[in-house]
Amino acid sequence: MDLQNLLDDIVGTVQPLLGQGAPADYIPSLAAVDTKQFGISVATSSGDVFSSGDADVPFSIQSISKVYALALVLAGDGDRIWKRVFREPSGNPFNSLVQLEHEDGIPRNPFINAGALVVTDRLLSIADDSPSVRELLRQESGNSSIDADPVVAASEAANSHRNASLAHFLASYGNLENPVDSVLEAYINQCALEMSCTDLALASRFLANNGLRGNGTPLLSPSQTKRINAVMLTCGTYDAAGEFAYRVGLPGKSGVGGGIVAVVPNRCTICVWSPGLGRSGNSLAGVAALDEFTTRTGWSIF
């Protein structure tokens with residue numbers, strides 16, 4: 001299969017969708033991003049990389065960072081995190097307070113904001129034995145310049161009232177080990193990391209390679225990798241996970257910066273990016289591109 005020609009065709013196919021949807025306007029620095037951009041990259045298990053469109057333009061990875069935080073916690077601390085976070089789809093907005101109160105301070109899954117705060121909290125607790133999300137992403141992508149955008153981080157910090165409420169609520173139930181301010185700062189900084197589609201596709205290959213890092217050493221066991229991919233499939237695209245599974249048929253994790261990472265086990269990882277979001281916070285052109293990719297390749301977990 002000629003993946004380069006396929007990606008170039010997909011760029012043309014999604015052109016009518018560019019400019020549709022809206023950027024994440026509740027984070028002011030993201031509201032100004034041009035929604036007519038689109039990039040796609042594929043990193044194969046054998047090490048090849050194919051890219052098209054705006055694949056090398058850095059963007060704010062936002063909630064995609066939650067996957068790597070969870071991977072580091074599982075790698076450094078085993079399954080203990082599952083006593084503090086459930087693994088079920090939420091069916092509610094990713095920053096819902098109502099569900100957290102109803103379930104006594106145990107977040108529904110690690111990819112809604114409350115769950116990600118608990119994972120970030122645990123990562124802070126094991127920091128001496130585990131790399132940071134930024135360090136992992138630098139190592140796996142081969143890009144040592146990856147860093148948080150200070151403007152995005154400051155913008156999020158100034159508009160983080162809902163996340164602060166979630167964190168204080170978690171703390172009131174004894175489900176945070178570190179000070180709320182420390183957890184919020186770490187969470188905001190990992191969400192504000194800037195990467196390109198190519199960076200993210202490369203950095204995610206361990207999810208397609210049974211947990212093996214780019215240098216061949218294990219980050220996760222095959223079982224842990226399977227479980228992260230399973231949670232990505234059921235919970236990775238906010239409250240549209242069912243629609244994403246229906247259209248794309250792959251584990252995926254989206255972010256409100258417009259990026260989506262998807263995993264074809266034992267084959268490749270794919271990253272798409274376009275800032276125009278649909279009602280559930282997923283990239284309109286990105287979902288359409290992944291739908292086109294899996295339809296034309298036949299690569300799906302189903």
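- When side chains are defined from C-beta on, Ile228 does not count as touching Val263, because their heavy atoms never get closer than 4.5 Å.
- Atoms CG and CG, from Asn143 and Leu200 in turn, are 10.5 Å apart once rounded to the nearest 0.5 Å.
- At a threshold of 4.5 Å between side-chain heavy atoms, the hydrophobic network of Ile, Leu, Val, Met, Phe, Trp and Tyr places Trp273 and Tyr68 in one connected group.
- Of the inter-residue distances, the one linking Phe50 atom CZ with Leu7 atom CG reads 8.0 Å to the nearest 0.5 angstrom.
- Between the side chains of Thr295 and Asp291, at least one donor N or O lies within less than 3.5 Å of an accepting N or O.
- Between Leu18 and Gln37, the closest heavy-atom pair is CD2-O, 4.0 Å.
- Across Leu170 and Pro107, no two heavy atoms sit closer than the pair CD2-CG, 3.9 Å.
- Minimum heavy-atom separation, Gly53 to Val11: N-CG2, 3.9 Å.
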Under the criterion side chain to side chain contact (heavy atoms under 4.5 Å, CB included), I'd like the reasoning laid out for Asn159 against Tyr26: C-alpha separation, chi angles, the key distance, then a yes or no.
CA-CA 8 Å; Asn159 294 275; Tyr26 61 90; over 6 Å; no
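- In this pair, Phe293 and Trp299 present their aromatic rings perpendicular. The plane angle is above 60°, beyond the 30 to 60° band.
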Go through the steps to decide whether Ser125 and Asn178 satisfy the test side chain to side chain donor-acceptor pair (under 3.5 Å), and finish with yes or no.
CA-CA 7 Å; Ser125 295; Asn178 296 281; 3.0 Å; yes
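- Between Ala208 and Ser45, the shortest heavy-atom contact is O-OG, 4.0 Å.
- Between atom CG of residue Asp199 and atom CD of residue Glu140 there is a gap of 12.0 Å, rounded to the nearest 0.5 Å.
- Looking at Met232 and Leu207, their side chains come closer than 4.5 Å, going by heavy atoms from C-beta outward.
- Other residues, nucleotides and ligands contribute only 12 or fewer heavy atoms inside 6.0 Å of the CZ atom of Arg279.
- Residue Phe206 forms a side-chain contact (heavy atoms from CB on, under 4.5 Å) with just one option from Leu212, Thr217, Leu220, and that option is Leu220.
- No side-chain donor-acceptor contact under 3.5 Å links Thr35 to the backbone of Gly276.
- In this structure, Ile301 and Asn229 have side chains that are not in contact, with every pair of non-hydrogen atoms separated by 4.5 Å or more.
- Residues Val180 and Leu166 share a hydrophobic cluster, clusters being chains of Ile/Leu/Val/Met/Phe/Trp/Tyr side chains in contact below 4.5 Å.
- At a threshold of 4.5 Å between side-chain heavy atoms, the hydrophobic network of Ile, Leu, Val, Met, Phe, Trp and Tyr places Phe38 and Val57 in two separate groups.
- Counting heavy atoms from C-beta on, the side chains of Lys253 and Ser63 come closer than 4.5 Å.
- Between the CG atom in Leu137 and the CD1 atom in Ile64 there is a gap of 10.0 Å [rounded to 0.5 Å].
- When atom types are taken as modelled, the side chain of Arg267 and the backbone of Val264 share no donor-acceptor pair closer than 3.5 angstrom.
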So Asn282 and Thr237, side chain to side chain donor-acceptor pair (under 3.5 Å) or not? Walk me through it.
CA-CA 7 Å; Asn282 301 308; Thr237 45; 4.7 Å; no
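- Put simply, CZ on Arg227 and CG on Leu74 are 9.5 Å apart, with the number rounded to the nearest 0.5 Å.
- One N or O on the side chain of Arg84 and one on the backbone of Asn175 form a donor-acceptor pair closer than 3.5 Å.
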What verdict does the side chain to side chain donor-acceptor pair (under 3.5 Å) test give for Thr198 and Ser196, after you've listed the backbone C-alpha separation in whole Å, the side-chain angles of each residue and the deciding distance to 0.1 Å?
CA-CA 5 Å; Thr198 302; Ser196 68; 4.5 Å; no
For the pair Thr225 and Asn210, evaluate side chain to side chain donor-acceptor pair (under 3.5 Å) and give the outcome as yes or no after the intermediate values.
CA-CA 6 Å; Thr225 309; Asn210 290 305; 6.0 Å; no
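- You'll find the side chain of Leu136 reaches within 4.5 Å of the side chain of Leu219, heavy atoms only.
- For the atom pair CZ (Phe244) and OG (Ser254), the distance works out to 7.5 Å, reported to the nearest 0.5 Å.
- When the side chain to side chain donor-acceptor pair (under 3.5 Å) test is applied to Ser60, the partners found at least two apart in sequence or on another chain are Gln62.
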Report the C-alpha distance between Gln4 and Ser52 in whole Å, list the side-chain angles of each, state the deciding distance to 0.1 Å, and finish with yes or no for side chain to side chain contact (heavy atoms under 4.5 Å, CB included).
CA-CA 8 Å; Gln4 187 59 58; Ser52 192; 4.2 Å; yes
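- Taking 4.5 Å as the limit, some side-chain heavy atom of Leu117 sits within range of a side-chain heavy atom of Leu184.
- No more than 12 heavy atoms of other residues, nucleotides or ligands sit less than 6.0 Å from atom CD of Glu185.
- Of the possible donor and acceptor atoms, none in the side chain of Ser155 sits under 3.5 Å from a partner among the backbone N and O of Val151.
- Counting only residues at least two apart or in different chains, ring pair (Phe, Tyr, Trp, His ring centres under 6.0 Å) contacts with residues 147-182 comprise Phe169-Tyr173.
- Met1 and Val49 are not part of a single hydrophobic cluster, where members link through side-chain heavy atoms under 4.5 Å apart.
- A donor-acceptor pair under 3.5 Å links the side-chain atoms of Gln224 to the main chain of Ser221, judged by distance alone.
- Applying the 6.0 Å contact sphere to CD of Glu135 captures more than 12 heavy atoms from other residues, nucleotides or ligands.
- Leu290 and Tyr238 end up in different hydrophobic clusters when Ile, Leu, Val, Met, Phe, Trp and Tyr side chains are linked at under 4.5 Å.
- Between the side chain of Asn109 and the main chain of Pro89, no donor-acceptor pair closer than 3.5 Å is present.
- Of the candidates Cys197, Pro275, Ser274, Phe59 forms a side-chain contact (heavy atoms from CB on, under 4.5 Å) with just one, namely Cys197.
- Using a 4.0 Å cut-off between a side-chain N of Lys or Arg and a carboxylate O of Asp or Glu, Arg122 and Glu177 qualify as a salt bridge.
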Please evaluate residues Val272 and Ser283 with respect to the criterion side chain to side chain contact (heavy atoms under 4.5 Å, CB included), reporting the C-alpha separation (whole Å), side-chain torsions for both, the decisive distance (0.1 Å), and the verdict.
CA-CA 9 Å; Val272 293; Ser283 170; 5.8 Å; no
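- The minimum heavy-atom distance linking Ala241 with Thr234 is given by the pair CB-O, 3.2 Å.
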Decide side chain to side chain contact (heavy atoms under 4.5 Å, CB included) for Phe111 and Arg87; before the verdict, give the C-alpha distance in whole Å, the side-chain angles of both, and the deciding distance to 0.1 Å.
CA-CA 9 Å; Phe111 296 150; Arg87 299 186 294 268; over 6 Å; no
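- The minimum heavy-atom distance between Val287 and Arg247, with the atom names listed, is CG1-NH1, 3.6 Å.
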